[in-house]
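Notes for the one structure printed next.
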Amino acid sequence: MSSVPRSIALIDCNNFYVSCERVFRPDLLTRPVIVLSGNDGCIISRSNEAKALGIRMGAPLFQMQELIQGHDVTIFSSNHVLYADMSNRVMSTLQKFSPVREIYSIDEIFLDLSGFADINSYAATLRHQVIRDTAIPVCAGIAPTKTLAKLANLMAKRHPRSTGVFNLNNLTEKQINSVLSHIPINEIWGIGRQLTASLNLSGIYTAAQLRDAPASTMRQRFGVITEKTIRELRGECCIELGETTPARQQILNSRSFGSTVTDIADLQDAIIHFVSHVAKKCRDQHSVASILQIFIQTDRFRTDRPQYCPSISIPLTTPSANTITLGKLALQGLDSIYQTGYHYKRAGVILSEISHAAQSQGDLFAADTSKPELMKTLDALNRRYGKGTVTLGQEGAQHAWQTRQENKSPEYSTNWDQLPVCR
DNA sequence: TCTCCGATTAGAC
DNA sequence: CTAACGGTCTAATCGGAGA
């Protein structure tokens, strides 16, 4: 009994961050545009025109400076509030198209379209709906497994005059072979730099070659992930759709500083900021953490200066998500790892061993009682009047460690005060 | 020798 | 003028400590 293959669709926004900026700057629709990472450091999104100029993904901005200046490239700092809001809009449109779905990242969603009638035109409809609702362009790849759907999406994006939909289930075996033999393995989901290098050494260069390699021996040499990838390339489902977003197991907040800091007071200020942020995220998912980690780092690229990257892991006797409790411990931890005389470039805070607040061990007998009501009030005020309305004493307004963001667009879709027309 | 656990590595986006 | 290289997260794997 040969069963009909599943139709798993991967819908992926085109050049997502750039597309978000273009929604509010239609004058840039045909121009080279890039979006930078935090601190305006690396290039993390490029328009097709920027890609065509040879501007590399992930490259540090200063290395691409020549290309950029010669071609009037428009540069944006990251505007995460804008991207998160646009993502919510895109996802709420797309979720209506299948009851079985998984939001995989800020700009991607898997939809199970198995058994649907006329899948190709359904996918075309969904693309147009997203454009109408949000002005963000998306492409759809359809295949029997997630890994193949990823590749199908790649094909949909790559084919210049394609309709933005590519369905591997419509192809003959011969056509599939042809497609896979033209895709280098580094473009496969789950095959990164290291695996590409070692697989190449064994003579495997294309998706077709990887698919046809013996699965069990490959598992021994290259690990389980490679084996699953091989099976998925054959059309065998090994990675199911995860329909519920599980609570975070780890919550991290870290920053590279705009310039180096030497004073512990500046680090304290930064750490308190990070603690507030992670504690809030933890409370938002109704969790508490059992381990609090603090780290500070010197600039790893300044090899001419002494390096010092200490960290400390602080176990909590009572799991907590309380900013005050965690803040005190964090500052003690910082004290114990800080050394004078270094130029610190980055710091961060990690919450781990996270469990659900209600079922946390010892909760009944030893709850974290340091002003839990204060946390609720603080969260409520910030919800009501906007983020940053009420902060703890040490979260000042001026920060020596603040990141550079020289080309940030307004939060068009979420903040009236930032709309030029409302000034 | 086995098992457990924290640290490290690899990958995604 | 010079210096300039992200932030969050998961899962697999490694390797040492202790049983």
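These numbers were taken from a predicted model, which means no experiment stands behind them. Sequence lines set the chain letters: A, B, ... in the order given, protein chains first and strands last, and positions in each chain run from 1.
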Consider the side chain of A:V224, meaning its heavy atoms from C-beta on, and name the nucleotide among C:dT10, C:dC5, C:dT13 that approaches it most closely.
-> C:dT13

When both distances are under 3.5 Å in a Watson-Crick or G-U wobble arrangement, the nucleotide paired with B:dT9 is C:dA11

A:E353 atom CD is separated from B:dA7 atom P, nearest whole Å, by 11 Å

Among C:dA11, C:dT8, C:dG6, which is the nearest nucleotide to the side chain of A:C42?
-> C:dG6

Between B:dA12, C:dT8, C:dC9, which nucleotide gets closest to the side-chain atoms of A:W189?
-> B:dA12

A:E102 has an atom CD; how far is it from atom P of B:dA12, in whole Å?
-> 15 Å

C:dC1: pairing nucleotide in any strand, Watson-Crick or G-U under 3.5 angstrom | none

Within the pair A:Q249 and C:dA11, is there a side-chain N or O less than 4.0 Å away from OP1 or OP2?
-> yes

Donor-acceptor side-chain pairing of A:N14 and A:S19 below 3.5 angstrom = no

Side chain of A:Q250: nearest nucleotide among C:dC9, C:dT8, C:dA3?
-> C:dC9

Of all the choices, B:dA12, C:dT8, C:dA4, which nucleotide is nearest to the side chain of A:K281 once you look at every atom?
-> C:dT8

For A:F16, answer base if it contacts any base atom (sugar-phosphate contacts may also be present), sugar-phosphate if it contacts only those atoms, and nothing otherwise; contact means non-hydrogen atoms under 4.0 Å.
-> nothing

Hey, what's the ring geometry for A:H356 with A:H286, parallel, tilted or perpendicular (30° and 60° as the breaks)?
-> tilted

Evaluate whether the aromatic ring of A:F62 and the six-membered ring of the C:dC5 base sit under 5.5 Å apart, centre to centre, with an inclination under 30°.
-> no

For C:dG6, take OP1 and OP2 only and decide whether either is under 4.0 Å from a side-chain N or O of A:R300.
-> yes

So what does A:I188 hit on the nucleic acid, given a heavy-atom distance under 4.0 Å: a base, only sugar-phosphate, or nothing?
-> sugar-phosphate

Between atom CD1 in A:I239 and atom P in B:dA12, what is the gap in whole Å?
-> 11 Å

Checking all strands, does A:R56 fall into the base, sugar-phosphate, or nothing category for heavy-atom contacts under 4.0 angstrom?
-> nothing

In terms of side-chain heavy atoms, does A:S320 have a donor or acceptor partner in A:N322 at a distance below 3.5 Å?
-> no

Can a side chain N or O of A:S37 be found less than 4.0 Å away from OP1 or OP2 on C:dC5?
-> no

Would you please indicate if the ring centroids of A:F257 and A:Y344 are separated by under 6.0 Å?
-> no

Just checking A:L61: base, sugar-phosphate only, or nothing, at a heavy-atom cut-off of under 4.0 Å?
-> nothing

Donor + acceptor pair across side chains of A:N153, A:R158 (<3.5 Å) = no

Whole-Å gap separating C1' (C:dG7) and NE2 (A:H273) = 15 Å

Quick one: on DNA chain C, does A:G41 or A:K228 contact a more 5' nucleotide (nearest heavy atom)?
-> A:G41

Phosphate OP1/OP2 of C:dA3 contacted by A:R404 side-chain N/O (<4.0 Å) | no

Using heavy atoms to find the nearest nucleotide of DNA chain C for A:A247 and A:R302 separately, return the residue whose nucleotide is more 5′.
-> A:R302

Got a donor-acceptor contact below 3.5 angstrom from the A:R283 side chain to the A:A321 backbone?
-> yes

Nearest to the side chain of A:L195, which nucleotide is it out of C:dA3, B:dG11, C:dT8?
-> B:dG11

A:I225, nearest nucleotide to its side chain (from C:dT8, C:dA12, C:dA4) = C:dA12

With a 4.0 Å cut-off on heavy atoms, is A:D40 in touch with a base, just the backbone sugar-phosphate, or nothing at all?
-> nothing

Think A:K408 forms a cation-pi with A:F76, using NZ or CZ under 6.0 Å from the six-ring centre and within 45 degrees of its axis?
-> no

Would you say C:dG7 has OP1 or OP2 under 4.0 Å from some side-chain N or O of A:S256?
-> yes

Separation of C:dC9 P from A:L252 CG (nearest whole Å) | 6 Å

With the side chain of A:D299 defined as its heavy atoms from C-beta on, choose the nearest nucleotide among C:dA4, C:dT8, B:dG11.
-> C:dA4

Interatomic distance where CD1 belongs to A:I34 and C1' belongs to C:dG6 [whole Å] = 14 Å

Where the side chain of A:N39 meets the backbone of A:R404, is there a donor-acceptor pair that is under 3.5 Å apart?
-> yes

Nucleotide C:dT10, atom C1' - distance to CD1 of A:I350 in whole Å = 13 Å

Candidate nucleotides C:dC9, B:dA10, C:dG6, ranked by approach to the side chain of A:I251 - the nearest | C:dC9

Nearest of B:dG11, C:dG7, C:dT10 to any side-chain atom of A:R193?
-> B:dG11

Roughly how far apart, to the nearest Å, are C:dG6 and B:dG11 at atom C1'?
-> 16 Å

Length of the line joining A:F257:CZ and C:dG6:C1', which is rounded to integer Å = 14 Å

Would you say C:dA4 has OP1 or OP2 under 4.0 Å from some side-chain N or O of A:N39?
-> no

